[in-house]
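Structure, as C-alpha cells:
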Amino acid sequence: HRTVNRTVRVQDAVGKKDGEISLRFFPVFRKPVAEPVLREHGVLPQPTPLDLIIGYLARGNPLLSERFDAHSCDYSPRQLSTFGKGKDCFGAPHCEQVNRVLYSPGRCTIMESLKRRQFLQSALGAGAGILATGWTRGASAQTGATGRRPNVIFILADDLGWGDPACYGNAIAKTPNIDRLAKEGLRFTSFYVNAPVCSPTRAGFMTGRFPSTLGIHSHFASPELNKRRGMPQALDPSVATVYDCFRQAGYVTGHFGKWHMGNIDAGEYGVDCHRTMGGGGKPDWQGEEQFWRRSSRLIVDEAVHFIEEHRNEPFYLNVWTVHPHAPLDPSEEQMAPYARVEEKRVAGTFPTPFEVFYGTVPEMDRQIGRLLAKLDELGLAENTIVVFSSDNGPEDIHLSESAHSGIGSTGPFRGRKRSLYEGGIRTPFIVRWPGGAPAGRVDDTTVLSGVDFLPSISRLAGVAVPSGLPQIGRASCRERV
C-alpha cells in the first residue's frame, strides 16, 4: 500500500494467529499518515475505515500486501500507462461492492458495453459532441430563442463520481438541483474526461487539445516535482483557450473557484474577472474561516455577483467548485440528514465517512441551486447554457486526506480517481439550455470527451473555434445538425 511517498506492508499489521488482528495497525496507519494531514486542514482526526477493517480484509487477500506504485502522487507517463493493468485502487472488488450498495441501476439508463469498433463508430459520429445530438432545431445555434447570443456557465465539480448525483442512479444522495438540470436539459451517460486527475482534465476542457500535447499528464504541484515529472510549470498562455474564443467574440469572461492549471495569473488566459484557488494568480480565500466547509457558498457568491454585474451583456463563466475534493469538513447540520440513527458512531463521537461525504455533496448542490435561482430571478435562464460535469472519478478512501470521507460512487464502473478504468475517467455531463435544447432527454449512445467541450460550446454560441483542434467527426456533426 502506498500513500504519497510512504509505503507500508499491510501484513505487518495482522496478527500471526488466524482471526487475530494486532493493534499495532493503528499507529502504523493513522498516527504517522492521516492525523497530520487532517489536522493541517482543520478536520478532526478520527479512526479511519482502514484502521477498523483493513486488517480483516488483508487476511487471505494477496492484493493488499502488494505495493501500489500506481497510486503514488509522483507518477510518470510510463506509470500512467500501467493504470488498469492489475494495479487499480486497492481491494477493487470491495470498491465495487460499495458501489453496488450505493448505486441503484433502476433509477437511470446505462449504455450497454460497446465493442471497440462500436465505440470508435460512436466516437467518430460524436465529434463536437453536443452538436451531434440534434440540438437547436427550434432555435438558432447562435442566438437561441431570445434573439440574443447565449450566455454560458460551466459548473465543474471536483472528484465527483459518475454515480454520485441522484439523477445518475444514486439511491442515497440528495441532489435536487443537479437533478433539475438533467430534467430540464440533456444528460449524457457516456462522457469521458481526458485524464484521471485534475490538471490535465481541466487543460483539455479549456483548450480543446489533448493534455499530452500540452505536456500536462499529472496535477501541477511544486516546481521541483513538476520538473521531475517532465511537465511545464503551467498551461502555456500562448495556447488559445475557451476564454480567448469568447472574449474575442465580445463576451465578458469569468472564472471563480478552483484553477489548478499553474500559477500564471488567470488574466493571461483571457479571463476578465476571476477569484481562484489552486493557482491562477494571487491565492484568494486564504485565511477564510472554515473555507473547506463553506467553499461552495463562497465560490457561488462570486459567481452571483458576476452575473448581476454583467446581466446585460453576453458572458462566459466558469464556476469550478472545490467540493467534494478531500479533505471534507461538513457541519453537524449538513451531516444530520445522513446520520444513521440506528447505528452508533465509532467511539460514540466520530462521524462516519457516509455522513461526511453525503453531508458535503448536497451542500454543493444547494449552492448550484442558488446560482440557478439567480438566473431565474434575472430572466436569464432561457438563454443561458448551463453545463455540469466533474474533473475525474471519486477519491480513494485509503489516502490519508480522504480516509474519513472517500466513499464517492462510480456507479457500476470499476476504478476511481487516478485509474484509467471507467470509474476514473467517466463522469457526469449535463447540458441545459431552455431556449435551444430539448428537455428531459438522456443520451446513452453519444460518446463524448473533455476536448469536445470547447468546439461544441463555441459553435452553439456562434463563436469562432481555434485552428488545429482535433478533427474527429466534425464533418459528420455538421451534417447531422
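Sequential numbering from 1 along the given sequence is applied to the chain's residues.
- Asp158 contributes no side-chain N or O that, together with a main-chain N or O of Asp391, makes up a donor-acceptor pair within less than 3.5 Å.
- The two residues Arg187 and Ile430 have their closest heavy-atom pair at CG-CG1, 4.2 Å.
- Between Val319 and Gln367 the shortest side-chain heavy-atom distance does not fall below 4.5 Å.
- For Asp272, the salt bridge (charged side-chain N to carboxylate O under 4.0 Å, His left out) partners at least two apart in sequence or on another chain are Arg247.
- Phe205 has its ring centre no less than 6.0 Å from the ring centre of Trp320.
- Salt bridge present: Asp376 and Arg180 bring a charged side-chain N and a carboxylate O closer than 4.0 Å.
- Put simply, the side chain of Tyr316 never gets that close to the backbone of Cys245: no donor and acceptor are under 3.5 Å apart.
- Side-chain atoms of Ser390 and Pro428, non-hydrogen and from C-beta on, do get closer than 4.5 Å to each other.
- Atom-to-atom distance recorded for His274:NE2 and Trp259:CH2 is 8.0 Å, nearest 0.5 angstrom.
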Carefully, step by step, assess Asn170 and Tyr168 under the rule side chain to side chain contact (heavy atoms under 4.5 Å, CB included).
-> CA-CA 6 Å; Asn170 195 298; Tyr168 277 83; over 6 Å; no

Test log, rule side chain to side chain contact (heavy atoms under 4.5 Å, CB included), inputs Ile172 and Phe354 | CA-CA 10 Å; Ile172 297 172; Phe354 180 91; 3.6 Å; yes

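- Although no hydrogens or angles enter the test, the distance criterion places a donor-acceptor pair under 3.5 Å between the side chain of Ser199 and the main chain of His260.
- At least one side-chain heavy atom of Val465 sits less than 4.5 Å from a side-chain heavy atom of Leu454.
- Interatomic distance, CD1 of Ile407 versus CD of Glu355, reported as 9.5 Å (0.5 Å rounding).
- The minimum heavy-atom distance between Pro324 and Met364, with the atom names listed, is CD-SD, 4.5 Å.
- Judged purely by atom type and a 3.5 angstrom limit, Gln233 uses its side chain to pair as donor or acceptor with the backbone of Pro223.
- Between His325 atom NE2 and Cys198 atom SG the span is 6.5 Å, to the nearest 0.5 Å.
- Leu156 has its side chain out of reach of Asn318: every pair of non-hydrogen atoms, C-beta onward, lies at least 4.5 Å apart.
- Contact of the Val463 side chain with the Tyr251 side chain is registered, since non-hydrogen atoms from C-beta on lie closer than 4.5 Å.
- Put simply, the side chain of Asp365 gets close to the backbone of Ile178: a donor and an acceptor are under 3.5 Å apart.
- The two residues Val356 and Ser405 have their closest heavy-atom pair at CG1-CB, 3.6 Å.
- The distance from atom CZ of Arg416 to atom CG of Asn392, rounded to the nearest 0.5 Å, is 11.0 Å.
- Minimum interatomic distance between Pro330 and Met335 (heavy atoms only, all atoms of both residues): CG-CG, 3.6 Å.
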Report the C-alpha distance between Asp301 and Arg294 in whole Å, list the side-chain angles of each, state the deciding distance to 0.1 Å, and finish with yes or no for salt bridge (charged side-chain N to carboxylate O under 4.0 Å, His left out).
-> CA-CA 11 Å; Asp301 283 347; Arg294 302 170 57 231; 6.0 Å; no

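- Checking side-chain atoms of His323 against main-chain N and O of Ala326 turns up no donor-acceptor pair under 3.5 Å.
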Do Trp162 and Glu422 pass the side chain to side chain contact (heavy atoms under 4.5 Å, CB included) test, and can you show the C-alpha distance, the side-chain angles, and the key distance before you say yes or no?
-> CA-CA 9 Å; Trp162 187 96; Glu422 299 276 289; over 6 Å; no

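- Looking at Arg426, its side chain does come within 3.5 Å of a backbone N or O of Thr189 through a donor-acceptor pair.
- Between the side chain of Thr201 and the main chain of Ala195, a donor-acceptor pair closer than 3.5 Å is present.
- Between the side chain of Thr175 and the backbone N or O of Ala166 there is at least one donor-acceptor pair closer than 3.5 Å.
- At distances below 3.5 Å, not a single donor-acceptor pair connects side-chain atoms of Glu268 with backbone N or O atoms of Asp265.
- Checked against ring-ring contact (aromatic ring centres under 6.0 Å, His included), Phe306 has the following partners two or more places apart in sequence or in another chain: Phe256, His310, Phe315.
- Annotation: side chain of Leu469 is in contact with side chain of Arg209 (closest heavy-atom distance under 4.5 Å).
- The two residues Arg148 and Arg311 make their nearest non-hydrogen contact at NH2-O, 3.8 Å.
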Assess whether salt bridge (charged side-chain N to carboxylate O under 4.0 Å, His left out) is satisfied between Arg366 and Glu363, documenting all intermediate values.
-> CA-CA 5 Å; Arg366 277 189 289 273; Glu363 169 61 15; 3.0 Å; yes

Stepwise side chain to side chain contact (heavy atoms under 4.5 Å, CB included) check, Tyr269 with Asp244 | CA-CA 7 Å; Tyr269 300 91; Asp244 293 321; 5.6 Å; no

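- Closest heavy-atom contact between Ala461 and Phe246: CB-CE2, 3.6 Å.
- Between Ser458 atom OG and Phe453 atom CZ the span is 8.0 Å, to the nearest 0.5 Å.
- Applying the side-chain contact (heavy atoms from CB on, under 4.5 Å) test between Leu371 and each of Ile299, Val386, Ile153 identifies Ile153 as the sole match.
- Considering only heavy atoms from C-beta on, Tyr358 stays 4.5 Å or farther from Lys174 through its side chain.
- The shortest side-chain heavy-atom distance between Phe388 and Ile368 falls under the 4.5 Å cut-off.
- Distance check, rounded to the nearest 0.5 Å: CD of Glu308 to NZ of Lys374 gives 4.0 Å.
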Which is it for Asp159 and Lys417 under the salt bridge (charged side-chain N to carboxylate O under 4.0 Å, His left out) test, yes or no, and what are the steps along the way?
-> CA-CA 7 Å; Asp159 294 359; Lys417 181 178 180 180; 3.0 Å; yes

